[in-house]
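The structure appears right after this line, and notes come after that.
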Amino acid sequence: MDLLRSEWIKLRTIRVTYVLTIIAAVFPLLIVVLVAALVGNVNDFTGSDLVTMITQSMVLSALLLGVVSTLSITNEYGNGTIRTSFAATPNRRKVLAAKGVVALAFSMATTAIVMLVAFAAGSTILSNRDASLSFDSHTNSALVGLVLLSGMLCLLGYGLGLIIRNSAASVTLLVLWPLLLENLARIVLAVAKVKDPTTWLPYQSAMRMVNPPEFDGGDSSGLSAGIPLAVLVIVLIGVGIAINERRDA
Amino acid sequence: MIEIQGLTKRFGKTVAVDQLSFQVAPGRVTGFLGPNGSGKSTTMRCMLALDRPDAGAALFDGRPYQTIKRPLFEVGALLDAGYVHPGRTARNHLRTIASSNGIGATRINEVLELVGLTEVAKRRVGGFSLGMRQRLGLASVLLGDPHTVILDEPANGLDPEGIRWMRDVLVHLASQGKTVLVSSHLLSEMALMADDLVLIGRGRLVETSSVETFVAKHARQWVRVQSPNVDSLRQPLIEFGAAITVVDDSTVEIMGVGAATIGELAARHGVVLHELAPQQGSLEDAFLEVTANSQEYRTHSPFAPPQVS
């Protein structure tokens with residue numbers, strides 16, 4: 001508990017955490033409120049549309065929270081405070097695990113709260129405009145998937161930070177991975193005539209957790225689509241901890 | 001008690017610390033000296049399990065550092081005052097460290113008071129001077145009131161008042177029976193503060209002894225003599241094997257012969273003496289003498305005083 005408290009204090013006592021979290025919260029809320037208030041024909045707006053709007057706008061939030069997680073470890077290396085941390089707790093595995101747990105809990109809790117607030121705000125505005133919203137099992141699954149995706153992106157950033165130890169390089173890779181690298185890989189796999197290339201791309205596969213079925217040609221994979229990204233994250237963190245155990249701090 | 005046993009650390013082909021062994025006794029301030037690149041900081045990092053040694057061990061009261069469950073209560077270390085997040089306040093910096101070992105807010109307030117940073121506790125560390133960061137670093141060392149204190153260049157960036165304060169703190173800690181190991185380039189400070197010395201060069205132990213013994217053994221000793229007819233003493237002194245350096249018309253510095261002998265010679269030859277003062281070189285002189293062959297980077301200063309012939 002002492003280590004978790006220490007890591008929580010570290011996370012919440014630097015400005016970048018607040019700045020990125022506020023952006024991560026305000027951006028989707030703003031989108032949802034504006035669209036719900038300004039959409040032309042509310043009768044055509046379904047519960048699924050509201051959930052899709054929330055999940056798609058909050059993917060950016062999940063990435064920003066991943067950046068918070070990345071900086072929580074790379075800032076320690078950049079400022080040399082990792083040496084203070086390891087000197088105060090020589091069991092490095094415990095320190096790194098506590099840091100990961102705190103970053104994960106923060107990311108998932110923030111995502112869940114923002115998502116629920118956005119959902120409540122969007123529902124209220126649309127209901128006041130006489131829209132009739134109904135939700136099905138997919139919309140519920142997408143909301144859970146969003147929280148899981150946020151957790152995995154948080155750990156992806158943490159794992160990259162553990163291995164690379166440099167803020168700029170780790171954040172760049174975290175952002176380019178989903179936005180560029182997997183898209184390039186998808187093109188390559190498609191050209192190579194690989195069947196359903198998305199299955200081989202961890203982030204794009206995980207996005208199926210939050211995408212509506214029509215985004216993926218009617219295929220709804222459910223939460224199991226997140227498994228490749230979860231495996232990747234586990235491998236990265238395992239490698240990162242092993243490297244940090246052996247390397248000089 | 002700190003025991004270093006055959007500590008070895010390599011970086012590629014470079015041997016930074018080579019089979020280093022020494023002990024640091026409780027109740028004394030031990031100065032850890034060596035030229036730049038001699039391996040002092042690497043040794044300290046290996047002691048705290050921050051760098052992984054290739055061989056050997058560092059033991060604190062018989063235990064390796066990594067086996068100590070709550071190290072802040074046993075070993076307080078400050079390796080670099082720059083190890084802070086500039087955006088964090090001084091109090092929050094201490095909270096991050098203290099909470100990892102279950103140390104509460106009361107003790108944080110106490111150490112802030114001890115180092116004189118209470119008034120700036122809510123200020124961001126990024127705006128601190130190096131001297132203030134050193135004080136903050138010492139506050140983190142004192143959080144658990146440890147019985148062993150390790151400091152790497154703690155006087156860096158401190159003003160004269162700060163240096164004196166740091167010296168008083170370390171001497172006070174040693175007087176309480178704590179083990180204090182401190183490295184510093186300020187040899188004049190070390191001479192005032194340290195009881196014992198561990199001197200290393202090129203990663204190897206050069207010498208370990210008390211400061212007094214070290215200076216007596218390695219620093220130049222001479223006698224300053226002032227007399228209106230100092231020339232009358234020249235021949236008798238040369239016959240005694242003395243080396244004489246002329247300072248001015250009435251003053252000479254004599255090596256190789258003690259003050260008592262010079263006084264007796266002066267009396268025997270009827271020479272009036274205005275000054276007969278035994279002199280001893282400083283810790284710095286002794287340090288430079290001993291490490292002459294261990295310096296990685298050396299310069300020959302055009303401002304150096306002439307050597308005695």
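Chain letters run A, B, ... following the sequence lines, proteins first and then strands; every chain starts at 1.
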For atom CD of B/Gln176, is the number of surrounding heavy atoms from other residues, nucleotides or ligands below 6.0 Å larger than 12? yes
Measuring heavy-atom distances to chain B, does A/Asn91 have an atom under 4.5 Å in its side chain, in its backbone, in both, or in neither? neither
For B/Leu78 and B/Gln134: C-alpha separation, side-chain torsions, deciding distance, then whether side chain to side chain contact (heavy atoms under 4.5 Å, CB included) applies. CA-CA 9 Å; B/Leu78 174 61; B/Gln134 292 284 18; 3.7 Å; yes
If you count heavy-atom pairs under 4.5 Å with chain A, which of B/Ser140, B/Gly87, B/Pro71, B/Pro86 comes out on top? B/Pro71
At a heavy-atom separation under 4.5 Å, does A/Arg92 approach chain B through its side chain, its backbone, both, or neither? side chain
For chain B, which residues of residues 167-182 of chain A have at least one non-hydrogen atom nearer than 4.5 Å to it? none
How many angstroms lie between atom CD1 of B/Ile97 and atom CG of B/Asn92, to the nearest 0.5 angstrom? 11.5 Å
B/Ile68 versus chain A, heavy atoms under 4.5 Å apart: side chain, backbone, both or neither? backbone
Chain B contacts, top residue of A/Arg247, A/Glu245, A/Glu7 (heavy-atom pairs, under 4.5 Å): A/Glu245
Heavy-atom neighbours of B/Arg204 CZ exceed 12 at 6.0 Å: no
Evaluate the criterion side chain to side chain contact (heavy atoms under 4.5 Å, CB included) for residue pair B/Thr106 and B/Glu110; output intermediate values, then yes/no. CA-CA 6 Å; B/Thr106 310; B/Glu110 284 174 9; 4.0 Å; yes
Given the options B/Thr67, B/Thr89, B/Ile103, B/Asn101, which has more heavy-atom pairs under 4.5 Å with chain A than any of the others? B/Asn101
Quick check on the interface: out of A/Ile14, A/Val16, A/Val95, who has the most heavy-atom pairs with chain B under 4.5 Å? A/Ile14
Yes or no on side chain to side chain contact (heavy atoms under 4.5 Å, CB included) for A/Trp8 and A/Leu11, after CA distance, side-chain angles and deciding distance? CA-CA 5 Å; A/Trp8 174 233; A/Leu11 191 66; 4.1 Å; yes
Answer with side chain, backbone, both or neither: which region of B/Ala77 has an atom nearer than 4.5 Å to a non-hydrogen atom of chain A? neither
Out of A/Thr81, A/Thr84, A/Thr89, A/Ile9, which one racks up the most heavy-atom pairs below 4.5 Å with chain B? A/Ile9
State, to 0.1 Å, how close B/Leu7 and B/Pro53 come at their nearest heavy-atom pair, and which atoms those are. CD1-CB, 3.8 Å
Check the surroundings of atom CH2 in B/Trp165: do more than 12 heavy atoms from other residues, nucleotides or ligands lie under 6.0 Å from it? yes
Check this for me: A/Arg12, atom CZ, are more than 12 non-hydrogen atoms of other residues, nucleotides or ligands nearer than 6.0 Å? yes
Is it the backbone or the side chain of A/Arg15 that comes under 4.5 Å from a heavy atom of chain B, or both, or neither? side chain
Contact check, side chains of B/Leu151 and B/Met44, non-hydrogen atoms, under 4.5 Å: no
What pair of heavy atoms forms the shortest contact from B/Ala58 to B/Ile4, and how long is it? CB-CD1, 3.6 Å
For the residue pair A/Asp248 and B/Arg52, establish whether any side-chain heavy-atom pair is separated by less than 4.5 Å. yes
Salt-bridge test for B/Asp80 and B/Arg133: reply yes if a basic N is under 4.0 Å from a carboxylate O, no otherwise. no
Heavy-atom side-chain contact between B/Arg88 and B/Arg124 under 4.5 Å: no
Other residues, nucleotides, ligands: >12 heavy atoms within 6.0 Å of A/Arg93 CZ: no
Residue-level interface, residues 97-118 of chain A with chain B, non-hydrogen cut-off under 4.5 Å: none
Whatever's closer than 4.5 Å to a heavy atom in chain A on B/Phe73 counts as neither
